[in-house]
Amino acid sequence: MVAVAATVALLVAAQQPAIAGARGIQTWGAFCVGGKCFPSGILEHEIIGNDNNIQRQWADASSAANLCNWRMDFVYYDTNNTLYYRNQGATNYTCTRSAGRIDYTNRIVRYGKSCAEIYSNSTLIARQCHYITK
């Protein structure tokens, strides 16, 4: 009886979708001090989900200089690298050295890639992407 229960438990566990995630960092620009150079900013982006279902994602940016009138977008490209959806964040009419956004939307996306983009004064500063494959 214990063996049967263990087998059933293994079969049920094997049929559950696996939770997967990806986290990446993209730097931009550089400033140099005393012969050593450092990135001007860092964009970090994380996705949690399974297969092509994104359960949540977040992105944050840190910058040596102010990011003014900034916004964070989540954008989606298909396998032909064609943009098919933009989840545009609200513009924050402030100047700050750190920015962030969380998206809790449970979203089925096409295979391709999902990216986070940071804009300052309507100019793209950095993009960080994750490939979504079968």
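Keep in mind the model is a prediction, meaning the values are calculated, not measured.
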Enquirer: Where do H45 and S114 come nearest, in terms of heavy atoms and distance?
Expert: CE1-O, 3.7 Å
Enquirer: Ignoring hydrogens, what is the shortest heavy-atom contact between A65 and R97? Give both atom names and the distance.
Expert: O-CG, 4.0 Å
Enquirer: In Å and rounded to the nearest 0.5 Å, what is the OG1 to CG distance from T91 to N121?
Expert: 10.0 Å
Enquirer: Indicate yes or no: at least one non-hydrogen side-chain atom of L43 is less than 4.5 angstrom from one of T27.
Expert: no
Enquirer: Is Y111 reachable from L83 through a run of hydrophobic residues whose side-chain heavy atoms are each under 4.5 Å from the next?
Expert: no
Enquirer: So do D60 and S98 actually touch side chain to side chain, heavy atoms under 4.5 Å?
Expert: no
Enquirer: Is any side-chain heavy atom of N92 less than 4.5 Å from a side-chain heavy atom of N69?
Expert: no
Enquirer: Say you draw a straight line from CD1 of I48 to CH2 of W58; how long is it, rounded to the nearest 0.5 Å?
Expert: 9.5 Å
Enquirer: Does the ring of Y119 carry R71 above it, NZ/CZ under 6.0 angstrom from centre and within 45° of its axis?
Expert: yes
Enquirer: If you measure from CD1 on I125 to CH2 on W70, what distance do you get to the nearest 0.5 Å?
Expert: 13.0 Å
Enquirer: Using a 3.5 Å distance criterion without hydrogens, assess whether the side chain of Y84 forms a donor-acceptor pair with backbone atoms of R110.
Expert: yes
Enquirer: Can you tell if the side chain of Y85 reaches within under 4.5 Å of the side chain of R107, non-hydrogen atoms only?
Expert: yes
Enquirer: Looking at every heavy atom in both S62 and W28, which two are closest together, and how far apart are they?
Expert: O-CH2, 3.8 Å
Enquirer: Which atom names give the shortest non-hydrogen contact between Q128 and G24, and what distance separates them?
Expert: NE2-CA, 3.4 Å
Enquirer: Please name the pair of heavy atoms, one in S40 and one in A30, separated by the smallest distance, quoted to 0.1 Å.
Expert: OG-N, 3.0 Å
Enquirer: Once you round to the nearest 0.5 Å, how far does CD of Q26 lie from SG of C115?
Expert: 10.5 Å
Enquirer: Quiz question: by atom type and distance under 3.5 Å, do the side chains of R101 and N87 form a donor-acceptor pair?
Expert: yes
Enquirer: Set out, in order, the CA-CA distance, both residues' side-chain angles and the distance that settles side-chain hydrogen bond (donor to acceptor under 3.5 Å, both in side chains) for N81 and K113, then state yes or no.
Expert: CA-CA 8 Å; N81 207 32; K113 63 184 176 182; 3.1 Å; yes
Enquirer: Could you report the tightest heavy-atom contact between P39 and F31, atom names first, then the distance?
Expert: O-CE2, 3.4 Å
Enquirer: Is a side-chain donor-acceptor pair under 3.5 Å present for D103 with T105?
Expert: yes
Enquirer: To the nearest 0.5 Å, how far apart are CD1 in I132 and OH in Y77?
Expert: 12.5 Å
Enquirer: Once rounded to the nearest 0.5 Å, what's the spacing between atom CZ of R86 and atom CG of D73?
Expert: 5.0 Å
Enquirer: Between N50 and Q55, is there a side-chain heavy-atom distance shorter than 4.5 Å?
Expert: yes
Enquirer: Is the side chain of D78 donor-acceptor paired with the backbone N or O of G112 at a distance under 3.5 Å, no angle test?
Expert: no
Enquirer: So, do Y76 and T82 sit near enough that their side-chain heavy atoms are less than 4.5 Å apart?
Expert: no
